[in-house]
Asker: 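Quick one: the structure is below, questions incoming.
Both counts, for ligands and for their atoms, begin at 1 and track the order of listing. Along the sequence shown, the residues carry numbers beginning at 1. Computed from heavy atoms alone, side chains included, the values below leave out hydrogens, waters and symmetry copies.
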Amino acid sequence: MALPKEYRIKEQEVTDHALYLRRREFIVGSMVFAVSAFTHNAAKGEQTKPDQLTPKRAVTSYNNFYEFGTDKRSPAKLAKDFKTEPWFVAVEGHCAKPGKYPLEDLVLSQQIEERIYRLRCVEAWSMVIPWKGFELGPLLKSFEPTADAKFVRFETLYDPVQMPGQKRKVLQWPYVEGLTIQEAMHPLTFIATGLYGEDLPNQNGAPLRLVVPWKYGFKSIKSIVRISFEKEMPRTSWNLSAPHEYGFYANVNPNVDHPRWSQATERRIGERGRRDTLMFNGYEQAVAGLYTDLDLTKWY
Ligand SMILES: Nc1nc2c(c(=O)[nH]1)N[C@H]1C(S)=C(S)[C@@H](COP(=O)(O)O)O[C@H]1N2
Ligand SMILES: [Mo]
């Protein structure tokens, strides 16, 4: 599926502008960048507050990565010595080329680029992050999925010695997430290997993590070791832990509240006040077509 032309141009502009600003960062130190306002609220036809890149310090010190503790400050501390070399990704299920692939082989064959994406957590905070990585779709296609591949299931490493959070059963380990094959092949769906022009810090999901910008943050699974093409919708860690709170789709939706809190607004990390949460996290134009036949109140 091709990205709508209009959207692609905007994304390009944002990326160029951010690169320009980052070059300036070398000169002025830690400033907050203004990123061109590509956020557009289609429903109201209004321009919303412009996005700014979230300072790198916040992006790398305020993390959800339960394998390294449930406290947001823990991952930056407890993942310091996490070993990400060597790293292999097992590819399984309905495809012609299953196997255990060294990370280098997977990354080297892909077109590396930088993408600025909003990440909005289900807990109603959000960030704007310059990711480095590649589109997931071409990688998946290289494994030649068959017609039975309706879903893609992702798994994080299970290693309680290195990941002390796994000694407590706060979630079912290993962490599992999933997408429909259409979502996985969508041109916005991204595998990040870095951020702010550098390799991914361990607390952000080194050496490779998913980024699905129109879904709640928990879909963006970190430190992936297994990708599997499945016929049935996979059960995911959050869905298993609280099915009424976390559905399979987890699309950012200001109109469907979490049972314990509103999803209408969010706190942008580093900003004063709150801002309106946008449908599909502001990526509505690009992704709404995936859900035209889906009742989003039922399939949250
Ligand atoms: N393996 C794994 N992946 C995970 C999580 C986790 O606990 N374990 N937390 C998720 C949640 S809830 C969010 S909001 C994002 C946070 O990503 P960040 O720390 O890079 O901002 O990671 C997601 N990926
Ligand atoms: Mo989250």
Asker: Which residues satisfy the salt bridge (charged side-chain N to carboxylate O under 4.0 Å, His left out) test with Asp148, sequence neighbours excluded?
Answerer: Lys231
Asker: Does either side chain, that of Trp214 or that of Tyr291, offer a donor lying less than 3.5 Å from an acceptor on the other one?
Answerer: yes
Asker: Could you tell me if any non-hydrogen atom of Ser223 lies under 4.0 Å from any atom of ligand 1?
Answerer: no
Asker: Name the closest protein heavy atom to atom 15 (C) of ligand 1, giving the residue it belongs to and the distance to 0.1 Å.
Answerer: Gly217 O, 3.6 Å
Asker: Considering only the protein, which heavy-atom contact is closest to atom 3 (N) of ligand 1, and what is its distance?
Answerer: Lys222 N, 3.1 Å
Asker: Could you tell me whether Lys167 atom NZ has more than 12 heavy atoms of other residues or ligands within 6.0 Å of it?
Answerer: yes
Asker: Using a strict 4.0 Å threshold on nitrogen-to-oxygen distance, state whether Arg275 and Glu271 make a salt bridge.
Answerer: yes
Asker: Any donor-acceptor pair under 3.5 Å linking the side-chain atoms of Glu230 with those of His94?
Answerer: no
Asker: Show me which atoms of ligand 1 lie under 4.0 Å from any heavy atom of Phe218.
Answerer: 10 (C), 11 (C), 12 (S), 13 (C), 23 (C)
Asker: In the protein, what heavy atom is nearest to atom 9 (N) of ligand 1, and what distance, to one decimal place, separates them?
Answerer: Asn64 O, 3.2 Å
Asker: Counting only heavy atoms closer than 4.0 Å, does ligand 1 sit against the backbone of Glu177, its side chain, both, or neither?
Answerer: neither
Asker: Would you say the side chains of Gln172 and Ser237 form a donor-acceptor pair under 3.5 Å?
Answerer: no
Asker: Report, in ascending order of atom number, the atoms of ligand 1 lying under 4.0 Å from any heavy atom of Cys121.
Answerer: 14 (S)
Asker: Can a cation-pi geometry be assigned to Lys100 and Phe88, taking NZ or CZ under 6.0 Å from the six-membered ring centre and within 45° of the ring axis?
Answerer: yes
Asker: Side chains of Phe65 and Asn204: does their closest heavy-atom pair fall under 4.5 Å?
Answerer: no
Asker: Looking at atom 24 (N) of ligand 1, what's its closest protein heavy atom, distance included?
Answerer: Ser220 O, 2.8 Å
Asker: Among all protein non-hydrogen atoms, which one is nearest to atom 17 (O) of ligand 1, and what is the separation to 0.1 Å?
Answerer: Arg209 NH2, 3.1 Å
Asker: Would you tell me which option among Tyr66, Tyr175, Trp131, Phe65 has the nearest heavy-atom contact to atom 10 (C) of ligand 1?
Answerer: Tyr175
Asker: I'd like to check which ligand 1 atoms, numbered from 1 as shown, lie under 4.0 Å from a non-hydrogen atom of Asn204.
Answerer: 18 (P), 20 (O)
Asker: Identify the closest protein heavy atom to atom 8 (N) of ligand 1: which residue and atom is it, and at what distance?
Answerer: Glu67 OE1, 2.8 Å
Asker: Which pairs with one or both residues in residues 177-187 pass salt bridge (charged side-chain N to carboxylate O under 4.0 Å, His left out), sequence neighbours excluded?
Answerer: Glu177-Lys219, Glu183-Lys215
Asker: Number the atoms of ligand 1 from 1 as they appear, then name those within less than 4.0 Å of a heavy atom of Thr156, with their elements.
Answerer: 1 (N)
Asker: Given that the side chain starts at C-beta and the backbone is N, CA, C, O, which of these parts of Lys219 lies under 4.0 Å from ligand 1, counting heavy atoms, or is it both or neither?
Answerer: neither
